[in-house]
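Quick notes on the structure that follows.
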Amino acid sequence: TLNLRNAATAGTYVRDADDYNQLLMTTKVDVHASVSPHVGVRYAPTDWLALTGTVHSKQALVIETDFKALLPSGLESATSRRSVHDFVPWTFGLGASADVSKSESHRFTFVAQGAYALWSFYEDRHGESPATYGHFLKWTNTLSGSVGARYETGGFRTMLDVGYVPTPVPPQTGRSNYVDNDRASVAAGFDYTFPVSGNVRLRAGLSG
């Protein structure tokens, strides 16, 4: 996926400190795009067992803004701000699928996966680690997982998964406001594959 960083420089001239409608401003904006790679491998040691591994690199939309103000008195002041949006940490996953019943007419499979996310490196929208009362309350790394089942017969397939994702956010008190909670999920779906012409096949399905 793309990793974006915006750098904006805003130079202002304050003609009248009592009337900001006369403010003069010039801006320069640069957008830097890089790639956040996702890597996956799959290994099937037998015809009934498959193992997978994934690595998702860190992603974020970073906006860096420099401000410079010039007053009529000749005084000049400058500062900068950094904001971070949509932060997703490094995540490492392992998975497995095992066929418990397999024949020419049907296939029944159990699946399981786990993911370890490095939320302890989280940066909030101000580009800082979360803090409360001047003391850093680091978010914790999380280990999430899910298990499920798959059934195939003919061109028909069904699936059912249950999962759990713990929150990386520590208990919040006072003025801190990093609100989050553990999440439990259930996913189910089915699809059907049918021929159209020759070697062309279509698959239609529904999941939620």
Open item on the list: side-chain hydrogen bond (donor to acceptor under 3.5 Å, both in side chains) for Q59 and S36? Distances and angles first, verdict last.
Closed with: CA-CA 6 Å; Q59 301 172 73; S36 293; 5.4 Å; no
Open item on the list: Let me confirm one number: the CG-CG distance from L51 to L94, rounded to the nearest 0.5 Å.
Closed with: 9.0 Å
TODO: To the nearest 0.5 Å, tell me how far S83 OG sits from E123 CD.
DONE: 11.0 Å
Task: Distance-minimising heavy-atom pair for D47 and D99 - done: O-OD2, 3.7 Å
Open item on the list: Would you compute the distance between atom OG1 of T158 and atom OH of Y192 and round it to the nearest 0.5 angstrom?
Closed with: 14.5 Å
TODO: Using modelled atom types only, decide if a donor and an acceptor are shared between the side chain of T27 and the backbone of A8 within a distance under 3.5 Å.
DONE: no
TODO: Give the cluster check for V39 versus L118: same hydrophobic cluster or not, with ILVMFWY residues linked at side-chain heavy-atom distances below 4.5 Å.
DONE: no
Task: Non-hydrogen side-chain atoms of S144 and P166 separated by less than 4.5 Å - done: yes
Task: Heavy-atom side-chain contact between K58 and F87 under 4.5 Å - done: yes
Open item on the list: Looking at A204, is its backbone amide N or carbonyl O close enough to the side chain of D191 to form a donor-acceptor pair, meaning the two atoms are under 3.5 Å apart?
Closed with: no
Task: Side-chain heavy atoms of R107 within contact of R150, under 4.5 Å - done: no
TODO: Please indicate whether F194 has more than 12 foreign heavy atoms, meaning atoms of other residues, nucleotides or ligands, lying under 6.0 Å from its CZ.
DONE: yes
Open item on the list: To the closest 0.5 Å, what do you measure between CG (L160) and OG (S207)?
Closed with: 12.0 Å
Open item on the list: Apply side chain to side chain contact (heavy atoms under 4.5 Å, CB included) to residues V147 and V162 and explain how you reach the verdict.
Closed with: CA-CA 6 Å; V147 294; V162 294; 3.6 Å; yes
Task: Closest non-hydrogen atom pair, V84 against A60 - done: CG1-CB, 3.9 Å
TODO: Would you name the heavy atoms of S80 and D66 that are closest together and state the gap between them?
DONE: CB-OD1, 3.1 Å
- [ ] Tell me yes or no: between the side chains of T193 and R203, is some donor less than 3.5 Å from an acceptor?
- [x] yes
TODO: State the CG-CH2 distance between D124 and W139, to the nearest 0.5 angstrom.
DONE: 8.0 Å
- [ ] Could you label the plane-to-plane angle of the W119 and Y122 rings as parallel, tilted or perpendicular, counting under 30° as parallel and over 60° as perpendicular?
- [x] tilted
Task: Sidechain-backbone polar pair: T46 side chain, L49 backbone, donor-acceptor under 3.5 Å - done: yes
Task: Minimal non-hydrogen separation, P37 against V35, with atom names - done: CD-O, 3.3 Å
Task: Distance in Å, M159 CE paired with T109 OG1, rounded so as to fall on 0.5 Å steps - done: 12.0 Å
Open item on the list: Any non-hydrogen side-chain atom of V62 less than 4.5 Å from a side-chain atom of R82?
Closed with: yes
Task: Within-4.5 Å side-chain heavy-atom neighbours: W90 and S57 - done: yes
Open item on the list: Using side-chain heavy atoms (C-beta onward) and a distance below 4.5 Å, is H106 in contact with S101?
Closed with: yes
TODO: Check whether V31 and I63 end up in the same hydrophobic cluster, where Ile, Leu, Val, Met, Phe, Trp and Tyr are linked by side-chain heavy atoms less than 4.5 Å apart.
DONE: no
Task: Check against side chain to side chain contact (heavy atoms under 4.5 Å, CB included), H38 and V55 - done: CA-CA 6 Å; H38 299 342; V55 176; over 6 Å; no
Open item on the list: With heavy-atom distances below 4.5 Å as the criterion, would you say the side chains of N141 and Y116 are in contact?
Closed with: yes
Task: R81 side chain near F67 side chain, heavy-atom distance below 4.5 Å - done: yes
Task: Minimum heavy-atom distance between A96 and T52, given as atom pair plus value - done: N-OG1, 4.4 Å
Open item on the list: Taking P89's backbone N and O only, do any of them form a donor-acceptor pair with T91's side chain (distance below 3.5 Å, no angle check)?
Closed with: yes
TODO: Search all heavy atoms of D180 against all heavy atoms of P168 and return the closest pair with its distance.
DONE: OD2-CD, 3.6 Å
Task: Crowding at NE2, H126 (>12 non-hydrogen neighbours, <6.0 Å) - done: no
